[in-house]
Amino acid sequence: MTGQAKISLRNLTKSFGKKEVLRGIDLDLNDGESLVVIGGSGTGKSVMLKCILGLLSPDSGQISVDGEDIRSVSAGNRERILRKFGMLFQGSALFDSLKVWENVAFGLVQGRGVRRSEARITAEQKLAQVGLGPDVANLRPAELSGGMQKRVALARAIATDPEIIFFDEPTTGLDPIMADVINDLIVNTVKSMGATTLSITHDIASARKIADRIAMIHDGRIIWSGPVSEIDDSGNAMVDQFINGRAEGPIKMQVLRQ
Amino acid sequence: MLAINFLGGIGHVFLAFLQGAGRFAIFAATALSHTVRPPFFPRLMLRQMVSVGYFSLPVVGLTTLFTGMALALQIFEGSSRFNAEGSVAWIVAVGMTRELAPVLAGLMVAGRVGAAMAAEIGTMRVTEQIDALTTLSTNPFKYLVVPRLIAGTLMLPLLVLVGDVISIFGAYMVSINFLGFNPATYINNTWDILETIDIVTGLVKAGIFGFIVALTGCFYGFRSRGGAQGVGAATTGAVVTGSILILSSNLLITQLFFST
Ligand SMILES: Nc1ncnc2c1ncn2[C@@H]1O[C@H](COP(=O)(O)OP(=O)(O)OP(=O)(O)O)[C@@H](O)[C@H]1O
Ligand SMILES: [Mg+2]
């Protein structure tokens, strides 16, 4: 590997009260790479993304972006670093008081000072990329289906052409065809924009398609990471269980059996 | 044993109160520091001004109208016991402008606007819209809190000014039509007694109450957690705390102004 990592996490920990969610995450994300993080529900994947974005403050550990430790830089510098990011939230998190196109254009208008008329054109292009026509642009998010909201959120995440994009479950709730369109979109975004992406998914087919590298999180730690080509013979029983979707195995689900 | 548990319980409540008060103070300081630093959002501020000011007119107008009318009847009845019926006009004028119009308008706006702010911002919090603002390089304090604070602080005095006029008008109508007052005398009595300071202190109070309403609404909204229930609790908290802060600060301000 040449050069330094785009993002590197060292021994990142985060607890909520007595509940330890992250217990020492070590992870590197290289420039231009597409990393997919897989792992069971509730293992702290979304929490990890929010720690990197400064939405949650970790208890300890290091987060560096382009070699700068974002936990120790000044507030102004942190703002500048965070401008490099785009984020697709798991629950879409669209602004329900704004129209669809205003949502997509938000980062351009408020964050970068682009004129509204110009931003609208860009917003409509991004909406077209995620398969939404101009007729949707004037609707409110509440008038859309869940899958459409997700695509609007995706358009919003990529609207400012950020260097680093986080996708938290981009294909959950989409039909298989649209899911594949979104997979292609993510792959192309990375290629054409040269963006570095970190995606979270439960969808192994999607992971295989978009990932250069896959990392698996379990029990608050990264237990395996490697190129996507090695996922089938990782030699790790937990990874095997997860990608094959088996109830029996080293990972025990907390459910009551009748 | 029981006594210790009981004392411990009181201690817990007291500590929680202090913690809450501390958080509230930090929130207020952060919000204030953002009011003076760009970027500003004039469009949002205007929208909040319309929603706080214009749309509260009916409720504030009706409240002060009825209160002014009732006050005239009560004072007439009370003052007739020692043949001082002539004092209706000035007691209504002074009582409304200094005290009742700002307090009643503040409480009504706390119920209408403070609750709405807490519910709206609380929903944005639990659906991660506030997090989304941050990731889109927009400071939530500047985008959400500052416009509301400014709208509250500027619009409540205007509402109170309208309320002053309406309440005095209401009392006038009652006095003329039911209590047999002479219109010219009533108006003269009001004008002769009413001083600028009465109105100004009322408006200063209103500005402070408006600030309190918006601040508590935003504070509880920001702190809401966990879905619909959390948003409901935030709304209640905003109205209760806002009302108590209005009533207690009213006493404090009144003392500051008129203690000499
Ligand atoms: N703000 C919070 N306060 C308290 N606990 C939280 C908070 N956010 C997350 N948690 C807890 O942290 C754990 C991890 O949550 P997280 O959302 O990161 O899971 P996840 O890996 O993204 O799961 P999923 O795949 O279902 O999205 C959960 O048990 C959750 O209860
Ligand atoms: Mg998640």
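A, B, ... follow the sequence lines: proteins, then strands. Residue 1 opens every chain.
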*Asks:* Answer yes or no: are there more than 12 heavy-atom neighbours, outside A/Glu118 itself, under 6.0 Å from its atom CD?
*Replies:* yes
*Asks:* Can you tell me which of B/Glu120, B/Met124, B/Arg43 forms the most heavy-atom pairs within a distance under 4.5 Å of chain A?
*Replies:* B/Arg43
*Asks:* Nearest 0.5 Å please: distance from the CG atom of B/Leu44 over to the OG atom of A/Ser97.
*Replies:* 8.5 Å
*Asks:* Taking side chain as C-beta onward, heavy atoms only, is B/Thr134 less than 4.5 Å from A/Leu53?
*Replies:* no
*Asks:* Give the minimum heavy-atom separation between A/Gly91 and B/Glu128, together with the two atoms involved.
*Replies:* N-OE1, 4.2 Å
*Asks:* Going from CG on A/Leu94 to OG1 on B/Thr127, what distance comes out if it is rounded to the nearest 0.5 angstrom?
*Replies:* 9.5 Å
*Asks:* Would you say CZ of A/Phe16 has more than 12 non-hydrogen atoms from neighbouring residues, nucleotides or ligands within 6.0 angstrom?
*Replies:* yes
*Asks:* By a 4.5 Å heavy-atom criterion (distance strictly below it), what part of A/Leu98 contacts chain B: side chain, backbone, both, or neither?
*Replies:* side chain
*Asks:* Heavy atoms only: give me the nearest B/Ala132-A/Phe89 pair and the separation to one decimal.
*Replies:* CA-CE1, 3.5 Å
*Asks:* Considering non-hydrogen atoms only, spot the tightest contact between B/Gln129 and A/Ala93 and give its length.
*Replies:* CG-O, 4.0 Å
*Asks:* Could you tell me the separation between the CZ atom of A/Phe106 and the OG atom of B/Ser137, rounded to the nearest 0.5 Å?
*Replies:* 9.5 Å
*Asks:* Any idea which of B/Thr138, B/Leu136, B/Asn139 has the most non-hydrogen atom pairs under 4.5 angstrom with chain A?
*Replies:* B/Leu136
*Asks:* With a 4.5 angstrom heavy-atom cut-off, could you sort out which part of B/Leu133 is near chain A: side chain, backbone, both or neither?
*Replies:* both
*Asks:* Would the number of heavy atoms belonging to other residues, nucleotides or ligands and lying under 6.0 Å from CZ of B/Arg47 be above 12?
*Replies:* no
*Asks:* Side chain, backbone, both or neither: which part of A/Leu108 has an atom under 4.5 Å from a heavy atom of chain B?
*Replies:* neither
*Asks:* Once the angle between the rings of B/Tyr143 and A/Phe95 is folded into 0 to 90°, is it parallel (under 30°), tilted (30 to 60°) or perpendicular (over 60°)?
*Replies:* tilted
*Asks:* In Å and rounded to the nearest 0.5 Å, what is the CG to CG distance from B/Asp131 to A/Leu56?
*Replies:* 7.0 Å
*Asks:* Might you confirm whether atom CD of A/Glu79 has over 12 heavy atoms from other residues, nucleotides or ligands at distances under 6.0 Å?
*Replies:* no
